[in-house]
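In what follows, a single structure is set out as structure tokens and then discussed.
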Amino acid sequence: TSGMAGAAAAPGASARPSTESAMSTLPLNAEYAFSATVKVAAPTVMGTGPDGLRRFIAITGGTAAGPAFSGKVLEGSGDWQIVRSDGVISLEARYTLEANDGVRIAITNKGMRDASPAVTERIMRGDAVAPNEYYFRTVAFVEAPVDSKYAWMNRRLFIGVAERKSDAAVVHFYTLN
């Protein structure tokens, strides 16, 4: 049980709002922005460290399209992963998008993928696995040139609902408004 249960509020502190109040005053609105198909190479295993098995996966290109952004994923970045002892993959992918108008945008995408050992084995073999058979979610930070039409992306948090394909991760990005 929580040590806070039944505790009185500190003098001068306001009580925590009810769930109903928080939902009515602080809505969580997600709006679809774009999907990125991020092509990847085979994993390079770096060995087991204190946090788990470390892997690096090179990003080899890809595409991005949607109502907020269209362009391509540039080759030359990567996805640093740790396979934890519980089988969950913790990841941090850094890559560059280039819009159809030539503007380049840096993406830092952190997240996790959780799947049963059998599903993980199928993904690693390159089998087609339905996205509802595993959990794959991310949070992305965007750095766009401040003098570009994409500058608004610097002021939004993006969440990603992702799918793993045999040669790519497909991330469907939503802005939190």
Side-chain angles (χ1 to χ4, degrees), residues 1-5 19 22-23 28-66 68-98 105-143 153 156-177:
T1 62
S2 169
M4 295 299 292
T19 301
M23 289 179 66
L28 182 63
N29 297 316
E31 182 178 343
Y32 175 69
F34 64 96
S35 294
T37 299
V38 182
K39 298 285 190 174
V40 295
T44 299
V45 176
M46 299 165 67
T48 302
D51 295 326
L53 177 68
R54 174 140 330 251
R55 302 189 306 194
F56 174 77
I57 301 171
I59 292 174
T60 62
T63 59
F69 181 87
S70 289
K72 61 185 176 180
V73 179
L74 298 181
E75 181 179 6
S77 298
D79 182 4
W80 288 262
Q81 298 183 347
I82 296 174
V83 182
R84 303 182 336 198
S85 62
D86 61 1
V88 171
I89 297 172
S90 174
L91 60 95
E92 180 174 343
R94 292 178 177 245
Y95 47 96
T96 304
L97 300 177
E98 184 176 87
I105 297 170
I107 303 288
T108 301
N109 200 19
K110 296 181 179 186
M112 64 174 12
R113 189 175 78 210
D114 183 21
S116 70
V119 168
T120 297
E121 184 177 316
R122 290 172 45 216
I123 290 170
M124 295 306 295
R125 276 197 317 255
D127 295 352
V129 179
N132 65 351
E133 293 187 61
Y134 54 93
Y135 179 87
F136 191 1
R137 303 293 185 268
T138 68
V139 177
F141 294 88
V142 176
E143 186 179 343
M153 297 172 93
R156 292 294 178 269
L157 185 64
F158 289 77
I159 56 171
V161 178
E163 308 171 47
R164 184 64 165 94
K165 304 292 185 185
S166 63
D167 65 343
V170 180
V171 186
H172 307 285
F173 288 104
Y174 296 80
T175 58
L176 290 180
N177 298 315

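These values consider heavy atoms only, across backbone and side chains, with no hydrogens, waters or symmetry-generated copies.
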Exercise. Under the side chain to side chain contact (heavy atoms under 4.5 Å, CB included) rule, what do T44 and I57 come out as? Steps first, then yes or no, please.
Key: CA-CA 6 Å; T44 299; I57 301 171; over 6 Å; no
Quiz item: Please walk me through it: do V38 and Y95 pass side chain to side chain contact (heavy atoms under 4.5 Å, CB included)?
Solution: CA-CA 9 Å; V38 182; Y95 47 96; 4.1 Å; yes
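Listed by chain and residue number, R122 satisfy the salt bridge (charged side-chain N to carboxylate O under 4.0 Å, His left out) test with E133 (two or more places apart in sequence, or in another chain).
For the atom pair NZ of K72 and CG of L97, the computed distance is 11.5 Å after rounding to the nearest 0.5 Å. We find the NZ-CG distance between K39 and D167 to be 4.0 Å, quoted to the nearest 0.5 Å. Going from atom CD of Q81 over to atom CG of L91 covers 5.5 Å, rounded to the nearest 0.5 Å. F141 CZ to T108 OG1: the interatomic distance, rounded to the nearest 0.5 Å, is 8.5 Å. Rounded to the nearest 0.5 angstrom, R84 CZ and L53 CG are separated by 13.5 Å. Once rounded to the nearest 0.5 Å, the distance linking CZ of F136 with CD of E163 reads 9.5 Å.
Counting heavy atoms from C-beta on, the side chains of M112 and S90 never come closer than 4.5 Å. In this structure, D79 and F56 have side chains that are not in contact, with every pair of non-hydrogen atoms separated by 4.5 Å or more. Annotation: side chain of R54 is in contact with side chain of W80 (closest heavy-atom distance under 4.5 Å). Between V73 and I59, some side-chain heavy-atom pair lies under the 4.5 Å cut-off.
The heavy-atom pair separating A168 from T37 by the smallest distance is CB-CG2, 3.9 Å. When all heavy atoms are compared, the tightest approach of A65 to S70 is CA-OG, 3.7 Å. Closest heavy-atom contact between G160 and V171: CA-CG1, 3.9 Å. Nearest heavy atom pair, residue A30 against residue L176, reads CB-CD2, 4.1 Å. R164 and Y134 get closest at one heavy-atom pair: N-OH, 2.8 Å. R55 and M46 make their closest contact through C-SD, 4.2 Å (heavy atoms, listed as atom of the first residue, atom of the second, distance).
Ring orientation note: the planes of F34 and F69 are tilted relative to one another, at an angle of 30° to 60°.
Of the candidates V161, N109, I159, N109 is the only one forming a side chain to side chain contact (heavy atoms under 4.5 Å, CB included) with F173. Screening I105, L74, I107 for a side chain to side chain contact (heavy atoms under 4.5 Å, CB included) involving T96 leaves a single residue, L74. When each of T120, V119, D127 is tested with I123 by the rule side chain to side chain contact (heavy atoms under 4.5 Å, CB included), just one qualifies, namely V119.
In this structure, E143 places its CD atom where only 12 or fewer heavy-atom neighbours from other residues, nucleotides or ligands lie under 6.0 Å away.
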